[in-house]
Amino acid sequence: MNIVLELVKVLFAFVLVMGIVPLLIWLERKISAWIQGRVGPNRVGPFGLLQPLADVVKLLFKEDIVPTNADKGMYFFAPLLAMVAPVILFAFIPFGPDIVLADYTFKLQVCDFGVSILFFMAVLSTAVFAVAFGGWASNNKYSLLGGIRAASQLVSYELILSGSFLYILLKWNTLSFRELIEKQAAYGWTIVSDFPFSLLFFILFFIAALAENKRAPFDLPEAEPELVGGYHTEYSSMKFAMFFMGEYIAITVMCFCMSVMFLGGYHFPGVVDVSGNFLNALLGLAVILAKVFILIFIYMWIRWTLPRFRYDILMRLSWHYLLPLTVILILVKALI
Amino acid sequence: MPGIKTQEILVNMGPQHPSTHGVLRLVIKTDGELVTEVTPIVGYLHRCAEKIGENVTYDQWIPYTDRMDYIAAMGNNLGISLAVEKLLGMEAPPRAQVIRVLVCELNRVASHLIAFGTFGLDVGAFTPFLYAWREREMILNLFEMLCGARMTFNYIRIGGISFDIDQKFIDKTKEFIEWFEPRIKEYNDLLTYNRIFVERTAKIGIISPERAISYGLTGPNLRASGVNFDVRKDFPYCGYEKYQFNIPLGRDVPEIGAVTGDCWNRYYVRIEEMIESIKIIKQTLENIPAGEYYDAPKKIKPKAGEVYTRIENARGIVGFYIISDGSEKPVRAKVRAPSFINLSILPEIGKNVLVADLIAILGSIDIVLGEIDR
């Protein structure tokens, strides 16, 4: 019985994250259109909601091209990794309060163990391999440049992410996402309970998350005016779609992570408690989704407003400003 | 580590590449992200426009000039018309002269809007491009109202213009100006003073005034280097001397770190030129003389001789050199295309910059391939 419930939960989490992706693609188009004074997709389905579906169908029917002299194994492996890694990340995210069924506590989280933040970081850093492999294996100079850019960019900004995780550890003394939310429910959300630090770390984390997800203004690995498509120049058909979906899944997971770390996750004062009935779990899910979508909206807003950084400016920003700031803040926090 | 060596890679940018603005091909040698050498290769859009000009009558050549600088085609129309008029020893009627200035300046605004938008695109800002497109669309609608064409007009003819303007056109133009003027501030807020944008463009691809002159740069690229030369002011045609307008020049802007002749100045000179063009358009609208708008001999058959005229188009000086032997067709026709000459400086300033800078420099030079290859 339990194993069936667990499987249902895994399936639900998977469907949730895969269901968010087309919605995000649609949202991105609508928001960009809104910012740019256009209409956006409005033909396929109500409000163009089925547009992503049409895109997938189109991509499925495209020819799948493998460049000559491409490193076949790596070429196939890269998009797989790009998509699977963020999906795995989602396993650690609690997306609702517990549901208590008679004698069984049903956790709305695929897997919860004591050091889930540590594991989250570990899986997160595999993202760089997908891009670097993709860039290398395509046997294309643009891809190679994109891959190199991506590798150095992701490595530099991951340090800032790790710094923020370290701060969370210092502040709440836990490495479990679930406990994190419970503590925030009890003592107030991170962002308000530890005001100057938490806000600074939130901003640092947000910037680093933008860079980690290769979103504008940090989308150098795929800067189309310079590198055509960057690391995915040679990819077509579903392999390209996997890179594309992987990016959106990664964004979703990052926003989930941010809302859990800084914004109290599924907790909202007065609306959601941790009592464990079914309605409450649904409310919790709605709350965390609302937070995630607000963050995603900011992601998109930034993307369609700002120009792109240049490679050296990006590196300078990370190593000269953000990273020292993170280290100093952690030291100060640790001393206090 | 022994046995591992680094080498420069040769990247072929184009002819199909998102940022080469057409079918330009750049062969670049890169050392990692650093460009050590860049060679532009042109000719993918060659359509023998000059040779065709020698095989058709003067009037028939005008539509072909449209297709050279297709972004600012009015200027090309005007150039050829003025050249042939000079050869014929005649002048267009005053009404036509004023309308010519009006449409040329409108076209200059449209062209600079594209330059502004695509430059934003080159440095990774997508949204300003669509804003620019929105405004340009209004100008194109005006042109459509005027002559039925939106890009290749064939509007300015030898001896005048092909269609007269009416009150509706004037009203619509005023409406456009009213809408457009506040937009400049919007562009500045969105892009010009954006911190990332300034970082990307200030002190990049600096062209000194001497170098700009020695490479024969014209138009906004020359003026961004601080050289005050504009054919409209220095050698006025079509009555440009009657209008009040300034020539925007590139300058050092210490607050944001821009220096004369860098990409930021080349970009900003265009924004300022749009403001000046709007000033000229306002003045022309106030005062359009009545009378004939087209007055040309039945048969255009100039005496034997040669002529060179130049006009200030959006990208610089468009020159038409025509040799006539007294027949209906020119013996030799040569066009001085500003984009072609402006592009010649790219190997010089595109050296030892980052790949992203090279794209910014190319975008700031603002070329049109139709004109380069002709």
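Reckoned from all heavy atoms, side chains included, excluding hydrogens, waters and symmetry mates. Residue numbers begin at 1 in each chain, while the letters A, B, ... track the order of the sequences.
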Which distance, rounded to the nearest 0.5 Å, do you find between the CD1 of B:Ile9 and the CG of A:Leu145? 4.5 Å

Can you tell me how far apart CD1 (B:Ile196) and CZ (A:Phe309) are? Round to the nearest 0.5 Å. 3.5 Å

More than 12 heavy atoms of other groups within 6.0 Å of [X] [atom1]:
| X | atom1 | answer |
| --- | --- | --- |
| A:Phe129 | CZ | no |
| B:Phe340 | CZ | no |
| A:Trp136 | CH2 | no |
| A:Phe47 | CZ | no |

Quick one: does any side-chain atom of B:Thr127 pair with a main-chain N or O of A:Trp304 as donor and acceptor, under 3.5 Å? yes

Trace of the side-chain contact (heavy atoms from CB on, under 4.5 Å) decision for B:Leu354 with A:Arg310: CA-CA 9 Å; B:Leu354 299 176; A:Arg310 199 176 58 212; 3.8 Å; yes

Contacting region of [X] [heavy-atom separation from chain A under 4.5 Å]:
| X | answer |
| --- | --- |
| B:Leu191 | side chain |
| B:Arg200 | both |
| B:Ile204 | side chain |
| B:Tyr131 | side chain |

Give the interface residues of residues 312-320 of chain A toward chain B, defined by a heavy-atom separation under 4.5 Å. A:Asp312, A:Ile313, A:Arg316

Answer whether the closest heavy-atom distance between the side chains of B:Leu130 and A:Ile35 falls below 4.5 Å. no

Starting from the C-alpha separation in whole Å, work towards a yes-or-no answer on side-chain contact (heavy atoms from CB on, under 4.5 Å) for A:Gln36 and B:Phe126. CA-CA 9 Å; A:Gln36 296 165 345; B:Phe126 197 84; 3.1 Å; yes

Give the minimum heavy-atom separation between B:Asn12 and A:Tyr142, together with the two atoms involved. O-OH, 2.9 Å

